[in-house]
Amino acid sequence: QVQLVESGGGLVQPGGSLRLSCAASGNILRLNAMGWYRQAPGKQREFVATITNAGTTNYADSVKGRFTISRGNAKNTVALQMNSLKPEDTAVYYCKAEGWDDYWGQGTQVTVSS
């Protein structure tokens, strides 16, 4: 089992920045990638970004050039630096760990509003 705990959400004005963090604990040796997804009200959960143990990153087109995903040296943490935030980025952001199974965090709210 793997447990994920997210932090860093909040309210920010359009054009602002936020940094989300996610820490994994438990059987992390079986993980090969970590990433972020988001779900806005009334919409399906969607992919945001992912990073593999080798450091390969992938981003949704909607966040390319604005968001940066990174992992800690111990490979049990993942961060999402979000810049130039837009109102349409408002959503609950979920951390996901991928391995023999997939694991999800509880989610953290990000609200972009003036």
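In this text the structure is predicted, and so the values were computed from the model without any measurement. Excluded from the calculations below are hydrogen atoms, water molecules and symmetry mates; all remaining heavy atoms, backbone and side chain alike, are included. Heads up: numbering here begins at 1 and tracks the sequence.
A donor-acceptor contact closer than 3.5 angstrom links the side chains of N53 and R71. When only modelled atom types and interatomic distance are considered, N83 and S17 share a side-chain donor-acceptor pair under 3.5 Å.
Classification of D101 and R30 as a salt-bridged pair fails, no side-chain N sitting under 4.0 Å from a carboxylate O. Ion pairing between a basic and an acidic side chain is recognised when a charged N comes within 4.0 Å of a carboxylate O; D61 and K64 show such pairing.
Cluster partners of I28, by chain and number: V2, L4, V12, L18, L20, L31, M34, W36, V48, I51, Y59, V63, F67, I69, V78, L80, M82, L85, Y93, Y103, V110, V112. The rule joins Ile, Leu, Val, Met, Phe, Trp and Tyr whenever side-chain heavy atoms lie under 4.5 Å apart.
To the nearest 0.5 angstrom, S62 atom OG is 4.5 Å from R38 atom CZ. Here the CD atom belonging to Q3 is positioned 9.5 Å from the CG atom belonging to N27, to the nearest 0.5 angstrom. Here L11 contributes atom CG and S114 contributes atom OG; the two are 9.5 Å apart, rounded to the nearest 0.5 Å. For the atom pair CZ (R45) and NZ (K96), the distance works out to 9.5 Å, reported to the nearest 0.5 Å.
With Q81 contributing its side chain and R19 its backbone, the two residues share no donor-acceptor pair below 3.5 Å. R66 contributes a side-chain N or O that, together with a main-chain N or O of S84, makes up a donor-acceptor pair within less than 3.5 Å.
What you find for Q109 and V92 is that their closest heavy atoms are OE1-CG2, 3.2 Å.
With a 6.0 Å radius and a threshold of 12 heavy atoms from other residues, nucleotides or ligands, Q44 has its CD atom at or below the threshold.
A 4.5 Å side-chain heavy-atom check between Q39 and E46 finds every atom pair outside the cut-off.
With sequence neighbours left out, Y94 forms a ring pair (Phe, Tyr, Trp, His ring centres under 6.0 Å) with no residue at all.
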